[in-house]
Structures are given as C-alpha cells and as structure tokens.
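Here is the structure we will look at, set down as structure tokens.
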Amino acid sequence: MMAFSFLLLRHLAICILSMAVVSSTSPFLPNTPGQEWKMVGYLDMTDPTQQCPDSWQTIASPRSSCGKNFNSGAFCDSLNIPTSGASYHTVCGRFRGYQVGSTDAFRNFSGPISIERFYVDGVTVTYGPPGRRHHVFTYAAGVSEINISSSTCPCIAGGQLPPLFVGSDYYCESGCPGPDYVLTQLYFSDVLWDGQQCGGNEITCCNASYLPWFCKTFPTPISEDLEVRICTDEDIGNENVAIESFELYIQVLHTSMDSIDTYAIIGITISTSFVVFFSLGVLVTICIGYMVKRRSKGIPVVKPPVYETVGLDQMQIAVEANYSYKIARNKEAAEQLDYI
C-alpha cells in the first residue's frame, strides 16, 4: 500500500512540474493547446548589469540607453533576434526610447524608400535576412509635438505618412515639447511610445488601444529570426534614437511531436493512477469474497479476544472471594472424613 501511494504521488508531481515547465507567462493571452508564448528578445538599460549590443552605441547620460553606432551616417544598425527555428504566427512586444536631436519620423532625405534602407527615424522590427526582409512593426520619432511639417508624426496634420509596407503597424511620438529642437539633445523627460505625454498637436498619437504593446499576427506561420534596427537618415551629430528597453515575444506553434513528451507524461500519470486504484479495488474484493466464503461453509471468522480491564478494588474482591471458597471446600472435605 505504501509503495502504491508513493508511486502515485511521484507521477502526479512529475505531471505538475512538467506542465509548469511548458507554460510561460505573457502580457497578452494565455497559452492554449499547441501554442505558447516565448520571450525571444529583452533589454533593460535601467539594470546596471546589462550592456548594449556591440552593434549599438552606449549612451550613458542623461539616461542609460542604446543608440546608433558612433560610426554610422545615414544607416541602420541591426540586432539579430534568434527564434531558434520555432514556428510562430504572432509577434508582440514593446519598446521604450528617447528622441535625440532632429528626428524626422517618416520624412526621408536620402534616396528611395525601401524596407531594406532607412525609411524612418526610429526603430524597425522585421523578420527575414537582408534582401528579404518583411515588416513587423515600426517605432517612429517625430521632430516636435507642436510643429506642423513633414518631419512630425503622421497623427499631426502635415506629417509624412508611412510607406505602404508599414501600413498601420507603427507608433509615432515626439519627445520635444517646443517648436525648436536642439541637436544631439536627448529628450529624457518624455519617454517615447509609452502612450503618455502626447502633448500639443500629437494628442491622437497616444490613442492606440494596445499602447505600449504591439501585436502583429501573420496569415501563415513563420520560422525566421527577427531583427531590430535603429535607423536615421542623417548622421548621429544631427539625430539619433535611444532605446532604453524592449521585450519581444513570439507565439510558438507546436506540432503533435513537439507536445508528445508532455502528453506522454500526462498519459502515464493517468494510467498509473488507474492501475493503482484498480489494484486496490481487486484486493478489497478478494478479501470480502474470502470472508463470505468462510461464513458460507460455517467456518467462524476468528475475532481477536476482548479483554476487560478491572480496577485494583475489583481484583482484591475476586481474590478474597476465591480464598473464602477454598476454605469452605476444605472444611467440607474434613467433615466428610470424620463421618467415615
């Protein structure tokens, strides 16, 4: 019985632990059968133990963050986000950043617009290798909250609209509260793309329901790595975009083979539980049958003797009574001998 109980508890514990391992938390939707959220990218420069990737410049002050590299002109500096070949159909994430200098959102001063080039002053999230990139989401930094020009966010009248391949999959915000920007200044008092402090003319820029998160679902599964690029169409002496933190998640699709281990453990646990309880039932049935069989043959079922306990007073009375009885019997025997 002890062995059966231990085996049952052991398999139940394995099942619970295995389900805890395959589950993961996400700020979007719960895991569903065949799908789970997986974090693939993370950076938090408010943590003093973290560092910028080698392809990005470290900005130490006034906010620890990461920007385009010192040697970059009109260019994008890239960070590869491995997905380990996982099949996924949804990407979600969030970015916190700052405007530096004269960022111009979707206004382009340097040649044709292409997803392979610097089509925005901001951050781009794509999947696929260079030359075969596909758009996921874009974070743009406008030049001012109150200016009316092609360098402001599209939510402001006159702001340059995003390219067709971007569509509505973007957020745009400016950190500069006045009409005049200052070159190389990092506007740390207004975090970009957090859904707050959209002042002046850009008040509608914070109306997106998901802010500060984005989610993009694709019609067919993807298995290629993601890529995060910091882009500007001018040198960092004129403008830059600083990333303070970001998180990226994918919703992984599992095939039946991917889930076989989990389902096997659950199946073994259920089977073991059934065997244990079935065995106990058989054992009880055999015992009851044996007792019924003995009674039907007139064989009494042996019961353990029941001993009554007596106190010291009762014991003394019994001893004295037995002594008096013996004296009486001896006296009677003596009288019979005299008569003979």
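Side-chain atoms are counted along with the backbone in the values below, which use heavy atoms only and exclude waters and symmetry mates. Position 1 is the first residue of the sequence; numbering continues from there. Remember, it's a predicted structure, so these values are computed and weren't measured experimentally.
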(message) If we count only N and O atoms by modelled type, under 3.5 Å, do the side chains of Asp121 and Thr232 hold a donor and an acceptor together?
(response) no

(message) Do Gln185 and Gln99 have side chains that approach each other closer than 4.5 Å (heavy atoms only, starting at C-beta)?
(response) no

(message) Distance alone, cut at 3.5 Å: any donor-acceptor contact between the side chains of Tyr249 and Glu247?
(response) yes

(request) Please report the closest heavy-atom contact between Ile250 and Ala86, naming both atoms and the distance. (result) CD1-CB, 4.3 Å

(message) With a 6.0 Å cut-off on the ring centroids, do Phe214 and Phe95 count as close?
(response) no

(request) Using only the SG atoms, establish whether Cys215 and Cys92 come within less than 2.5 Å of one another. (result) yes

(request) Measure the distance from the SG of Cys172 to the SG of Cys205 and say whether it is below 2.5 Å. (result) no

(request) Flag the pair Tyr127 / Val136 as yes when at least one side-chain heavy-atom distance between them is below 4.5 Å, and no otherwise. (result) yes

(message) Let me confirm one number: the CH2-SG distance from Trp193 to Cys198, rounded to the nearest 0.5 Å.
(response) 12.0 Å

(request) Using atom types as modelled and distance alone, determine if a side-chain donor or acceptor of Asn240 lies under 3.5 Å from a backbone N or O of Lys68. (result) yes

(request) Could you please spell out the steps behind the salt bridge (charged side-chain N to carboxylate O under 4.0 Å, His left out) verdict for Lys216 and Asp169? (result) CA-CA 8 Å; Lys216 176 75 173 287; Asp169 296 322; 3.1 Å; yes

(request) Output every pair passing side chain to side chain donor-acceptor pair (under 3.5 Å) with a member in residues 133-143, not counting sequence neighbours, ordered by first then second residue. (result) Glu116-Arg133, Tyr119-Thr138, Arg133-Glu227, His135-Thr138

(request) Please check if the side chain of Gln251 supplies one atom and the backbone of Leu253 the other of a donor-acceptor pair under 3.5 Å. (result) no

(request) Evaluate ring-ring contact (aromatic ring centres under 6.0 Å, His included) for Tyr171 paired with Phe137, printing each intermediate quantity in order. (result) CA-CA 8 Å; Tyr171 294 145; Phe137 210 81; 4.9 Å; yes

(message) Quick one about Thr217 and Thr90 (side-chain donor to acceptor, distance below 3.5 Å, no hydrogens or angles considered), yes or no?
(response) yes

(request) Give the C-alpha distance, both sets of side-chain angles, the deciding distance and a yes or no for side-chain contact (heavy atoms from CB on, under 4.5 Å) between Glu239 and Asp104. (result) CA-CA 9 Å; Glu239 60 192 15; Asp104 304 299; 3.2 Å; yes

(request) Look only at the side chain of Asp77 and the backbone of Asn69, and say whether a donor-acceptor pair between them is shorter than 3.5 Å. (result) yes

(message) Any heavy-atom pair between the side chains of Asp190 and Glu173 that's under 4.5 Å?
(response) yes

(request) Would you mind reporting whether Cys231 and Thr124 have side-chain heavy atoms less than 4.5 Å apart? (result) yes

(request) Supply the atom-to-atom distance Ser65 OG to Ile59 CD1, rounded to the nearest 0.5 angstrom. (result) 4.0 Å

(request) Verify the neighbour count for atom CD1 of Ile203: are there more than 12 heavy atoms of other residues, nucleotides or ligands below 6.0 Å? (result) no

(request) Evaluate ring-ring contact (aromatic ring centres under 6.0 Å, His included) for Tyr187 paired with Tyr181, printing each intermediate quantity in order. (result) CA-CA 10 Å; Tyr187 291 91; Tyr181 59 84; 8.6 Å; no

(request) Could you go through the side-chain contact (heavy atoms from CB on, under 4.5 Å) check for Asn238 and Ser102 one step at a time? (result) CA-CA 6 Å; Asn238 185 281; Ser102 63; 2.3 Å; yes

(request) Would you check if the side chain of Thr103 reaches a backbone N or O of Ala105 as a donor-acceptor pair within less than 3.5 Å? (result) no

(request) Measure the shortest side-chain to side-chain distance between Pro154 and Phe106 over non-hydrogen atoms and say whether it is less than 4.5 angstrom. (result) yes

(message) Quick check: closest heavy atoms across Leu183 and Gly237, and the distance to 0.1 Å?
(response) CB-O, 4.1 Å

(message) Just to verify, what does Arg229 make a salt bridge (charged side-chain N to carboxylate O under 4.0 Å, His left out) with, not counting sequence neighbours?
(response) none

(request) Work out which heavy atom in Glu145 is nearest to a heavy atom in Ser174; give both atom names and the distance. (result) OE2-O, 3.4 Å

(request) Carefully, step by step, assess Arg132 and Glu224 under the rule side-chain contact (heavy atoms from CB on, under 4.5 Å). (result) CA-CA 11 Å; Arg132 197 165 50 85; Glu224 296 178 277; 3.0 Å; yes

(request) Measure the shortest side-chain to side-chain distance between Pro82 and Val40 over non-hydrogen atoms and say whether it is less than 4.5 angstrom. (result) no

(request) Please lay out, stage by stage, how Trp56 and Val228 fare under the test side-chain contact (heavy atoms from CB on, under 4.5 Å). (result) CA-CA 11 Å; Trp56 292 349; Val228 175; 3.8 Å; yes

(message) Taking atom CG as the centre, does Asp47 end up with more than 12 heavy-atom neighbours from other residues, nucleotides or ligands that are less than 6.0 angstrom away?
(response) yes

(message) I need the full list of side chain to side chain donor-acceptor pair (under 3.5 Å) pairs touching residues 195-208, with sequence neighbours left out, sorted by first then second residue.
(response) none

(request) Would you check if there is a donor-acceptor pair between the side chains of Thr46 and Asp44 at a distance under 3.5 Å? (result) yes

(request) Determine yes or no for a side-chain-to-main-chain donor-acceptor pair under 3.5 angstrom, with Ser150 supplying the side chain and Gln160 the backbone. (result) no

(message) In the structure I gave you, are the side-chain heavy atoms of Ile230 and Phe118 within less than 4.5 Å of one another anywhere?
(response) no

